[in-house]
Number of protein chains: 2
Amino acid sequence: MSKKDRMGKTTIYDVAGAAKVSLATVSRAINNPEKVKPETRERVLNVIEELGYKPNAFAKGLASRKSTTVAVLVPDMSRASIAEMMNGIADIARVYKYSVLLYILDEEDSSEEEILREIIAAQVDGILYLNDEITPQQYDFLLNIEREQQIPIVLTNTTYHERDDIPSVSIDYERAGYEITRKLIEEGRKNIYMVSTVRKYMVNDLKEKGYLRAMEEAALTPQIMRTSGRITVNTEHFHEYFKHHSVDGIIAVRDSIAVSFINVARANDVRVPEDISVCGFQNTKYARLSRPNLTCVDVPIYDIGAVSMRVLTKLMNQEALDERIINLDHGIVSRDSTLND
Amino acid sequence: MSKKDRMGKTTIYDVAGAAKVSLATVSRAINNPEKVKPETRERVLNVIEELGYKPNAFAKGLASRKSTTVAVLVPDMSRASIAEMMNGIADIARVYKYSVLLYILDEEDSSEEEILREIIAAQVDGILYLNDEITPQQYDFLLNIEREQQIPIVLTNTTYHERDDIPSVSIDYERAGYEITRKLIEEGRKNIYMVSTVRKYMVNDLKEKGYLRAMEEAALTPQIMRTSGRITVNTEHFHEYFKHHSVDGIIAVRDSIAVSFINVARANDVRVPEDISVCGFQNTKYARLSRPNLTCVDVPIYDIGAVSMRVLTKLMNQEALDERIINLDHGIVSRDSTLND
DNA sequence: GCATCCCATGAAAATGTTTTCAATTGATTT
DNA sequence: AAATCAATTGAAAACATTTTCATGGGATGC
């Protein structure tokens, strides 16, 4: 196959030469087919096929100032929710023919600004921001990028204090927090704790808000315990903490934390759900692998990824957005870790 | 900050102008610092910092014919092992200043070749291949890319029938399978089953081989059950299957499958580990969230990602490899789902 | 039959780097 | 003092596209 022999080395010059047209025509035949006479186009396209020509992405990007590439900025990929969002993102990116550049924030070197500069230098057409540990400085920095660089950004699975300068796709975590708390209250639970994270995540903040609202509404005393996401740490922590507190309901901000808690409870001969109801957030595989099966808020993680990528394509195409803060529907999956009627 | 004002629009010309040197010197100050006089370099670097200059990746790629970008081809990102490998890959990529282009294979459209063509067109310097469901055709295709396109490839967490045309980084899954089986045999288990996947993954194949070797060596009858990775499916499957078989040992090819199995066993009043020992593979979070805690083969997933990225950088730099099939060390974590002395 | 307009095309500029090659400078050797 | 050499720098070419602008040739309108 002569196609393979030269595969990759053929340039637009070779095509132009072989098709007896100019560079411009070849370029047009590829990118603006309607602007070249059908028979010329045909001829050019045949030569392209013949030579196995693929435009050099760099030259193309340089000349057109477009990359058809988006950057996805995520914290720790091993979080189940992040990974699943990536699936949604990648699927939609593929549909719209965008490539995905992945940037994983390093735990230690908090050089997020550095990474963003890199992203800008990479000339991406858009940015998906999945870090829900966002600070005011970071938000401003993002805003600045959007404004100065004209690079559209979408916040995925996070929002920033109801501001819509930067569009976001998420669920209404405040309402979800409220609803799941209501559920336990309606079960008759009184001492309902929320187990949240030490680190300040925007979405966990919202979950807490919803929890607080429900508790106050019911004239119950809210209690938020903050722990680490790491199993060994929080297991120890739970033992210690609940030795001194009486609890009959737990709402964890993540499934894995809820499962961790269930394990500790049962190790202490506390029955779930008879003595204590436990719920999580997300509906990950953990929820279904735990015993008892975990009741939790069902977050459409894949869809959040997919929709935010879709929104980003719209922004990159200068299309109008119906709304800049998009909250997808969530649900509550009642399983065996809570009292169900 | 004037840094932010001009962020991203600054070109090498601006830097050269401000530092009163030529383009070439700026370029050298960045890429070959030793070739420019220390004080000049200092001055240039200051200006770069001052202006927040970042070289345009396209221009750079075009001129240098290097992209400092690698493509990572993965199946379903929601598999815990894949996600964790991404962490390792990204960390090392960052160290060596490579960007990561992510390609997630779609479940249905098996257009892997199409994706690989895309990857080639993207002008990546190297490819990390994480799909352990590799067929002979796919292997040949990869080989062809490596040869014709001169794009180095590394197989991550998979190997292909001991061939080393394409370098690989993994663990010795055959040995791991053998060892974990030996462990159960030494516990005195006789009816040890391996629970593997219906789909043909290279690494599961190796695990099975090791299992078979240990069983045959011990003159026990090997039994391999194949199931789906999906919880709802395999739960049902387990119930049905083990109603008709007597079993005292289970080796699952994934932690989540093992946990699934434990749940089914306990639901049927089979005690773990008294009546039956259960082990998994990988040592994921699932293993520690299950009750009893899961004994499993400890696979250094992060390291596999990190090392394969490191190997790829060597290949991209034309450095020699000590060995083309790299097997990292694995371990066996004894927890409570097996009888330990 | 002439002016006008549009369509298809090509020439050349523009994109922002790296790299080659030549030139300059300053130091060292003879 | 001349010659050699190394270190430093700059000018310009190269990289492979897209895009702008100009041009020639038909077709259309009057």
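Sequence lines set the chain letters: A, B, ... in the order given, protein chains first and strands last, and positions in each chain run from 1. No hydrogens, no waters, no symmetry mates; every other heavy atom, side chains included, goes into these values. Please read these numbers as outputs of a predicted model, since none were measured by experiment.
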Whole-Å gap separating [atom2] ([N]) and [atom1] ([X]):
X: Asn56(B); N: dC15(D); atom1: CG; atom2: P; answer: 18 Å
X: Gln123(A); N: dT17(D); atom1: CD; atom2: P; answer: 18 Å
X: Lys37(A); N: dG10(C); atom1: NZ; atom2: C1'; answer: 14 Å
X: Ile12(A); N: dC15(D); atom1: CD1; atom2: P; answer: 15 Å
X: Asn32(B); N: dT9(D); atom1: CG; atom2: P; answer: 13 Å
X: Glu34(A); N: dT9(C); atom1: CD; atom2: P; answer: 13 Å
X: Tyr53(A); N: dT17(D); atom1: OH; atom2: P; answer: 3 Å
X: Leu62(B); N: dT15(C); atom1: CG; atom2: C1'; answer: 9 Å

Under-4.0 Å side-chain N/O to phosphate OP1/OP2 contact, Thr40(B) with dT8(D) =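 It does not, given that no N or O in the side chain of Thr40(B) lies less than 4.0 Å from OP1 or OP2 of dT8(D).
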
Look at Ser22(B) and dA11(D) and indicate whether a side-chain polar atom (N or O) is within less than 4.0 Å of OP1 or OP2.
->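 Result: no.
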
Classify the side-chain pair [X]/[Y] by whether it contains a donor and acceptor separated by less than 3.5 Å.
X: Arg94(B); Y: Tyr103(A); value: no
X: Glu112(A); Y: Tyr129(A); value: yes
X: Gln137(A); Y: Asp140(A); value: no

So what does [X] touch, heavy atoms closer than 4.0 Å: a base, only the sugar-phosphate, or nothing?
X: Tyr13(B); result: base
X: Ser27(A); result: base
X: Arg65(B); result: sugar-phosphate

Nearest to the side chain of [X], heavy atoms from C-beta on, is which of [options]?
X: Lys60(A); options: dT19(C), dT17(D), dT17(C); answer: dT17(D)
X: Ala63(A); options: dT18(D), dG10(C), dT20(C); answer: dT18(D)
X: Asn31(A); options: dG10(D), dT17(C), dT18(D); answer: dT18(D)
X: Ala24(B); options: dT19(C), dG10(C), dT9(D); answer: dT19(C)
X: Ser64(B); options: dT19(D), dT18(C), dT9(D); answer: dT18(C)

Are Glu114(A) and Lys54(B) close enough for a salt bridge, meaning some N to O gap below 4.0 Å?
->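 So Glu114(A) pairs with Lys54(B) through a salt bridge.
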
Looking only at heavy atoms, what is the nearest atom pair of Val154(B) and Ser168(B), with distance?
->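 Nearest heavy atoms, Val154(B) then Ser168(B): CG1-CA, 4.5 Å.
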
